[in-house]
Every structure is written in structure tokens, then in C-alpha cells.
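Notes to accompany the following structure.
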Amino acid sequence: MAYSSTIREAHSTQLSAMRDQGLLKEERYIHSPQSANITVEYPSGSELKSVINLCANNYLGLSSHPDVIQAAHTALDHRGYGLSSVRFICGTQDIHRELEGALSRFLGTEDTILFPSCMDANAGVFEAFLEAEDVIISDRLVHASIVDGIRLCKAMTDTYKHANMKHLEQKLDEHRDKRIRLIVTDGVFSMDGDLAPLDEICALAERYDAMVFVDDSHSSGFMGKTGRGTHEHFGVVGKIDVITTTLGKALGGAAGGCVSGRKEVVELCRQRARPYLFSNTMAPPLVAGALKVLEILSGSTERRDKLEANTKFWRQGLTDAGLVIKKGDSPIVPVMLYNAKLSQDVARDLYEEGIYVIGFFFPVVPNGQARIRTQLSADHDIPVLEKALEAFKRVGDKYGILGLDKKGIIEKYGM
Ligand SMILES: *Cc1c(COP(=O)(O)O)cnc(C)c1O
């Protein structure tokens, strides 16, 4: 069938409707490596602008680290550009197995299997080890890739209210008759920056004989005192049965993901997970880069310590300035504005001031919960953060929101 004019029209009507509602996502072009300071072209075709980056997942500042780049170069020379194969045919090099071992040691798990991304890990893991007689009980705010992975598996599904342990317990009780009860949560939730209470979750799992699954994409490398993740933060290393995480955020920021945990679960993924069996292996330079990242992080906590100090400074600075933030311990710091248009106006003015942030509103966050999500990096230095704080104060003052609480902002601007 041809792409008929009727269908073309239907599609462009759909796109115009998105544009009219202000829901069309526009990309900004970065003309420099990922870093605390980047050169951006926005809008498309306009002059390049040098800005302070407060919206990357480059938590540890390793995306453009010279040693990581060098390791990737070396692998490119010695192991080539790509393998043109999936793992189980002829896509596994010694370094792939080496990286799986290094990830197991870093995360404190029995075994690890690499995937092309964490999206793929989450798409494949559930159907690999769960059957129709099992149940998945997931937090209602888990990442989209988990939602998709759960859809692909035969197990029964249920949810509990976000981080609500009473509700989770009730669900565990309701599902006592199932073979496996799998509790599923993100470690750090990306929109609010809050943590799943893994100590309480593990205690419930023990009481109700349940397994625990944590996606630690927004924590691996820096949460916990040696940066192993939220399980270290809560003192439950070794108790999480399945961890998925990404190499595309703090751990170098290139690409790749993994499932790490009980060795039988990992082996079932190797035998059965479809994104593992049917998608290409990780490219050698990325594998070597990730190995170097883990070597750096295992040798010193300097980067996660700096990130923690930056986070404290930033949270305190925004609070002192009279802005409303979501409280917490993670380097994801949402500045709450509630009103969608206000979030876009403030983000645009900050960009003019040389601060690169994005305003999020419905449907990315609930209606009336619009915000600017700021993210800290170990690449930021205090003077840079001070400059960013000054810009937030100037723009906050322009909109008359400094010192206003939630109620005050909503009275002034509406939801
Ligand atoms: C970013 C993210 C992913 C996806 O990771 P990729 O490796 O980029 O596919 C999965 N889960 C969570 C919680 C994430 O934040």
C-alpha cells in the first residue's frame, strides 16, 4: 500500500495537534562533547551558545573522561569497531565477559549479563524467568522500559502505590498463592529524585517470601558510600535478586545495559531473553570504556563524594534562594513550578542566562506538577553552581516566585 494522501493528512493533523498543545518535543543540537559546559544550537539555525549544563545524566562527569576515551581508542585498535553478530553466535569477545565480571564485583552480585541498553535489559528480563503462575507487583511510577518489559511476559501483574509499603504488603498478602512474587521498583525515581525504601522492601520480601527487582539506572556509580547503588545506600547489598542498570548514564554515558543478580536468572536471560538473543552485541570500544569507568570508580570514591557535596550545595542554595524543591538525597533536584507555561518560561529565560535546563510538564509529570529538573554532576565546580544559582535567583525574582510556597505559586499562576 502506498502512503496515501489521506494517511499523510491524518499523520500531519496528529502532529499539528501536538504542536498546538505545546507537546511537540524539539531537540537542541550540541556542538561539543558532553560536559558541565556545552555549546548548544537552539533554536535550530541560531547562533551557538555556551551554557552550563544542568540536565544531563552525566552524574560522575565520565562521559568525556580522557582515560575512558583512551581505553575506547585502544579497544578500537585491538578489538575493532563492531562484531556484526549477536552474543551467542560470534559476538562475544574476552572483554565482554570481563565487563560482566567487573559489573558483578562492582554491584556485589553473583553474575551479570550485558544487553545493548537497559531498555533492552528490562524488555527481556521478565519473560526470561517468570511464568504464568508468577506475579509481578510493581511500584506505580516505574520507568517506561519496565512497563514495556512487564507487558511482554506471561506473569500476572499488579501494582502498589508509589513507595507505599502498607499497600505493597497488602498486595504481597493477596498473592500468597503464586509461585514467585516479584517486587519491582526503580532505585532512584527519575522525575522526583526520591529513593525506593529498599530496606523496608527487602524486609517485606523476606516476610512474604518474595523476590526483589531494582532498576538502578539513576544510582549505579554514585548512590551508597562507595557508589554501588541504592542497595548499598540502604545496606541491602546481596539481598536484591535482580538489578538492572545502564552504562548510558553515570557509568560513562555511551550505551549498554545489564541484568545482574542471581546466577540462574542471569543464565535464563542468556538462554531466553529476546533482546539479548536477537540484537547486536555491544561494540568493543564501549565495552572497554565501561571497564575503565569501573576501574576508576573501584579505585576511588572521589567523584561520587564530589557529586554528593555538589548536591548538598545546590539543594541548600536553591532552598535559601526561596525556591521550592523536592526534598531528597539524590543529585536529581526538581525545582517545582506547578504551572506548565511557567516551567517553559523559566527554562527559556534561564537558557538566555546561559543555564541549560528543561521544563517538564504533563504528560511527563502529573498535571499541575510542572517543574524544572536539575541534575548535578561531579564535573560541576562550586563557582559554576554559584553562577547558576545567581541566574535562578534573577529569573525567580522576575517571575515573583522567590519565597512563595506551593500554594503561593499556584495562587499566582494557576495549576
Ligand atoms: C535511562 C533509564 C533506562 C534506559 O537505559 P538505556 O540504557 O538508555 O536504555 C532504563 N531504566 C531507567 C530507570 C532509566 O532511567
Side-chain angles (χ1 to χ4, degrees), residues 25 27 34 55-60 62-63 96 99-100 103 106-107 112-126 136 138-153 159 162-163 182-196 198 201 212-223 228-231 233 240 242-261 269 273-276 278-283 285-287 289-290 293-294 328 330-334 358 360 364-365 373-377:
K25 289 179 274 298
E27 294 174 1
Q34 187 62 277
C55 59
N57 302 313
N58 186 19
Y59 297 111
L60 295 170
L62 292 169
S63 306
H96 291 79
L99 178 55
E100 289 172 337
L103 281 164
F106 188 77
L107 298 171
T112 299
I113 174 174
L114 294 171
F115 280 80
S117 69
C118 189
M119 173 96 201
D120 286 322
N122 287 337
V125 62
F126 298 106
I136 297 171
S138 59
D139 187 289
R140 286 190 184 162
L141 293 188
V142 292
H143 191 260
S145 57
I146 295 178
V147 174
D148 286 3
I150 290 174
R151 279 189 193 137
L152 292 171
C153 117
T159 60
H162 178 53
L182 179 69
I183 305 169
V184 173
T185 183
D186 290 14
V188 167
F189 289 85
S190 61
M191 280 301 145
D192 289 340
D194 60 329
L195 279 60
L198 292 190
I201 287 175
V212 181
F213 171 108
V214 178
D215 180 337
D216 236 359
S217 291
H218 279 285
S219 4
S220 294
F222 56 90
M223 292 307 291
R228 308 304 157 122
T230 40
H231 57 333
H233 180 91
I240 309 298
V242 187
I243 296 173
T244 60
T245 193
T246 182
L247 301 172
K249 291 187 171 110
L251 301 179
C258 71
V259 172
S260 193
C269 285
R274 295 168 69 83
Y276 181 83
F278 300 115
S279 190
N280 201 26
T281 188
M282 271 181 75
L286 303 193
V287 174
V293 163
L294 293 176
S330 84
I332 298 172
V333 186
I358 303 287
F360 290 97
V364 181
V365 293
R373 180 180 70 172
T374 60
Q375 292 170 282
L376 283 301
S377 168

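Sequential numbering from 1 along the given sequence is applied to the chain's residues. Whatever order the structure lists ligands and atoms in, that order sets their numbers, starting from 1.
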Quiz item: Roughly how far, to the nearest 0.5 Å, is CG of Leu247 from OG of Ser217?
Solution: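 CG of Leu247 is found 9.5 Å from OG of Ser217.
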Quiz item: How many angstroms lie between CZ in Arg228 and OG in Ser219, if you round to the nearest 0.5 Å?
Solution: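 OG of Ser219 is found 14.0 Å from CZ of Arg228.
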Quiz item: Under a 4.0 Å heavy-atom cut-off, what residues line ligand 1?
Solution: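 Residue list for ligand 1: Ser117, Cys118, Met119, Asn122, His143, Ser145, Asp186, Asp215, Ser217, His218, Thr246, Lys249, Gly256.
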Quiz prompt | Donor-acceptor pair between Thr245 and Asp216 side chains, under 3.5 angstrom | solution = no
Quiz item: Side chains of Arg151 and Phe126: closer than 4.5 Å at any heavy-atom pair?
Solution: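 The answer is no; the side chains never approach within 4.5 Å.
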Practice problem: Return the minimal non-hydrogen interatomic distance between Met223 and Pro331, and the atom names on each side. | Solution: SD-CD, 4.4 Å
Sequence neighbours left out, cut at 3.5 Å: what donor-acceptor pairs do the side chains of residues 138-147 make with other protein atoms?
unit_1: Asp139; atom_1: OD1; unit_2: Leu141; atom_2: N; d: 2.8
unit_1: Asp139; atom_1: OD1; unit_2: His162; atom_2: ND1; d: 3.0
unit_1: Asp139; atom_1: OD2; unit_2: His162; atom_2: ND1; d: 3.2
unit_1: Asp139; atom_1: OD2; unit_2: Ala163; atom_2: N; d: 2.7
unit_1: Arg140; atom_1: NE; unit_2: Thr159; atom_2: OG1; d: 3.0
unit_1: His143; atom_1: ND1; unit_2: Ser145; atom_2: N; d: 3.1
unit_1: His143; atom_1: ND1; unit_2: Ser145; atom_2: OG; d: 2.7
unit_1: Ser145; atom_1: OG; unit_2: Asn122; atom_2: ND2; d: 3.0

